[in-house]
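In each ligand, atom 1 is the first atom listed, and ligand 1 is the first ligand listed.
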Amino acid sequence: MGVFDMTAFALEHGDCIDGMSRLPEASVDLIVTSPPYNLGISYSQYCDRAARGSYLDWSEKWAVEARRILGSEGSLFLNIGSAPSNPLLPHEMIMRLRSLFVLQNTIHWIKAISLEEEDGTALSRGHFKPINSRRFLNDCHEYIFHLTPEGTTPLDRLALGVPYQDKSNIARWSHTGGSDLRCRGNTWFVPYKTIKSRDKQRPHPATFPIELAENCIKLHGIERVEIMLDPFLGIGNSAVAAQQCGVPKFIGFEIDETYFTEAKRRLA
Ligand SMILES: C[S@@+](CC[C@H](N)C(=O)[O-])C[C@H]1O[C@@H](n2cnc3c(N)ncnc32)[C@H](O)[C@@H]1O
């Protein structure tokens with residue numbers, strides 16, 4: 001195959017390492033992606049049970065291509081989860097990639113949370129898969145590693161800003177500039193939408209919500225994204241997020257034809 005055709009929303013069925021190799025150096029502003037985690041997830045085609053070493057070798061290969069095509073002030077938001085039986089996997093991945101990228105921020109994607117109000121009322125929000133165990137806790141979060149070429153990529157922190165709880169801080173801290181908006185921080189509560197039919201509404205075993213990808217786009221700065229990429233497109237949630245944020249160009253690769261077809265359908 002020749003040089004990549006950079007039309008507006010270019011989704012391609014195929015291997016992402018091959019696909020990225022056809023993109024020019026420093027041609028992408030933003031990568032938002034979630035690779036297979038090697039946790040034995042039952043994808044329709046891809047086998048998610050490689051030996052640990054070869055999985056990390058392969059991760060390094062796709063990351064080399066991602067680094068090559070990412071601009072010097074670009075961002076790679078890498079979503080990765082773990083399992084109680086495999087708690088170190090996200091950290092091993094980051095240790096592997098640290099010769100290529102700087103870990104600029106670590107974000108916790110909170111899928112479910114329980115809080116106690118001051119009056120003692122218990123509040124629970126979000127969804128999680130319960131774990132029946134005497135040793136392990138229910139797993140209610142995943143990581144979003146914000147990897148950048150130099151560790152100096154500017155962010156639009158207030159694009160995800162939240163109002164101050166204590167309004168007296170607006171006047172007390174000069175950096176607020178009088179505005180009632182502060183940086184949200186690195187814990188993002190993004191629940192999965194409640195669905196009636198998994199097969200019809202979420203026909204993929206390991207997706208992230210559209211809103212999660214939207215957060216990444218907004219944090220990087222929508223106006224600084226001309227070209228966005230997701231090498232592991234799945235059913236296209238990052239592409240839908242790009243479309244909803246008005247990103248002009250998007251490239252996505254997916255090796256599994258069933259998921260690829262669904263991604264194209266959702267984007268249309
Ligand atoms: C964790 S899922 C991504 C899900 C996606 N974020 C979504 O919300 O739909 C990882 C995807 O990578 C795909 N995949 C695995 N190896 C690939 C490769 N070499 N090139 C492109 N896609 C690949 C799998 O088929 C799977 O759909």
Side-chain angles (χ1 to χ4, degrees), residues 1 4 9-23 28 30-50 54-66 69 76-83 86 89-90 93 107 109 111 127 129 139 141-145 188 190-193 195 198-217 228-245 247 250-268:
M1 280 195 242
F4 206 85
F9 270 59
L11 307 190
E12 204 176 276
H13 172 218
D15 173 62
C16 66
I17 300 180
D18 167 60
M20 286 189 282
S21 73
R22 286 179 283 119
L23 293 171
V28 166
L30 173 66
I31 304 175
V32 179
T33 199
S34 177
Y37 303 168
N38 204 36
L39 294 176
I41 287 178
S42 300
Y43 292 106
S44 83
Q45 282 178 22
Y46 175 82
C47 172
D48 198 37
R49 291 175 196 278
S54 61
Y55 171 75
L56 291 172
D57 289 347
W58 171 76
S59 299
E60 202 173 333
K61 278 195 190 130
W62 69 252
V64 164
E65 279 306 316
I69 62 177
L76 161 57
F77 289 93
L78 176 66
N79 163 227
I80 188 153
S82 60
N86 218 334
L89 178 86
M93 169 85 105
I107 298 157
W109 165 25
K111 300 173 172 182
H127 303 279
K129 211 195 276 172
D139 195 10
H141 88 125
E142 292 192 15
Y143 292 95
I144 313 282
F145 293 116
W188 294 356
V190 187
Y192 282 110
K193 291 238 165 357
I195 51 174
R198 172 122 204 186
D199 285 352
K200 286 197 187 116
Q201 291 170 273
R202 205 186 290 143
H204 188 287
T207 58
F208 52 50
I210 294 169
E211 191 190 340
L212 191 88
E214 277 180 354
N215 279 5
C216 299
I217 299 168
M228 173 175 162
L229 165 78
D230 185 349
F232 302 99
L233 185 65
I235 56 172
N237 286 310
S238 54
V240 175
Q243 194 176 49
Q244 289 181 3
C245 288
V247 169
F250 179 94
I251 301 163
F253 300 106
E254 172 54 53
I255 209 161
D256 183 312
E257 193 165 6
T258 315
Y259 302 147
F260 172 71
T261 305
E262 176 65 13
K264 279 181 67 169
R265 190 193 69 75
R266 294 169 120 228
L267 197 64

For [atom], which protein heavy atom lies nearest, and how many Å away is it?
{"atom": "atom 4 (C) of ligand 1", "answer": "A206 O, 3.3 Å"}
{"atom": "atom 9 (O) of ligand 1", "answer": "I235 N, 2.9 Å"}
{"atom": "atom 5 (C) of ligand 1", "answer": "L233 O, 3.5 Å"}
{"atom": "atom 20 (N) of ligand 1", "answer": "C16 N, 2.9 Å"}
{"atom": "atom 24 (C) of ligand 1", "answer": "E254 OE2, 3.4 Å"}
{"atom": "atom 22 (N) of ligand 1", "answer": "I255 N, 3.3 Å"}
{"atom": "atom 16 (N) of ligand 1", "answer": "Y46 CD1, 3.5 Å"}
{"atom": "atom 18 (C) of ligand 1", "answer": "D15 OD1, 3.6 Å"}

Check: Taking only residues two or more places apart in sequence, or in another chain, which ones meet A241 in a side-chain contact (heavy atoms from CB on, under 4.5 Å)?
Finding: I210, A213, E214, I217

Margin query: Taking side-chain contact (heavy atoms from CB on, under 4.5 Å) as the definition, give me every residue that meets it alongside R49, ordered by chain and number, with sequence neighbours left out.
Written below: C47

Note to self: I want to confirm something. Looking only at heavy atoms, which of G19, A213, P36, S34 is nearest to atom 3 (C) of ligand 1?
What the structure shows: S34

Next item on the list: Look at E65 together with K61 and state whether they make a salt bridge at an N to O cut-off of under 4.0 Å.
Entry: no

Next item on the list: State whether R22 and D18 are salt-bridged, where the test is any N-O pair (Lys NZ or Arg NE/NH1/NH2 against Asp/Glu carboxylate O) under 4.0 Å.
Entry: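 A salt bridge is present here (some side-chain N lies under 4.0 Å from a carboxylate O).
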
Check: Is the gap between the ring centers of Y259 and H204 under 6.0 Å?
Finding: yes

Margin query: For the aromatic rings, using the six-membered ring if either is Trp, is the centroid distance between F208 and W109 under 6.0 Å?
Written below: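 Aromatic pair excluded; centres sit 6.0 Å or further apart.
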
Taking 4.0 angstrom as the limit and counting only heavy atoms of [X], give me the atoms of ligand 1 inside it, by number and element.
{"X": "Y259", "result": "25 (O), 27 (O)"}
{"X": "G14", "result": "20 (N), 21 (C)"}
{"X": "N237", "result": "7 (C), 8 (O), 9 (O)"}
{"X": "P35", "result": "1 (C)"}
{"X": "G234", "result": "4 (C), 5 (C), 9 (O), 27 (O)"}

Note to self: Using 0.5 Å steps for rounding, measure from the CE atom of M228 to the SG atom of C216.
What the structure shows: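 Answer rounded to 0.5 Å: 8.0 Å.
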
Can you check whether [X] reaches [Y] side chain to side chain, under 4.5 Å on heavy atoms?
{"X": "F250", "Y": "L267", "result": "no"}
{"X": "E142", "Y": "Y37", "result": "yes"}
{"X": "L78", "Y": "Y143", "result": "no"}

Notebook entry, point to check: Is it true that S44 lies under 4.0 Å from ligand 1, counting heavy atoms only?
Noted result: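 Not so, S44 does not reach ligand 1.
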
Check: Any heavy atom of P231 sitting closer than 4.0 Å to ligand 1?
Finding: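 Contact check P231 vs ligand 1: positive.
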
Next item on the list: Check whether any N or O atom of D256, backbone or side chain, sits under 3.5 Å from an N or O atom of ligand 1, and answer yes or no.
Entry: no

Notebook entry, point to check: Hey, does H204 come in under 3.5 Å of ligand 1, counting only N/O atoms on both sides?
Noted result: yes

Check: So, D48 side chain and L39 main chain: donor-acceptor pair closer than 3.5 Å or not?
Finding: yes

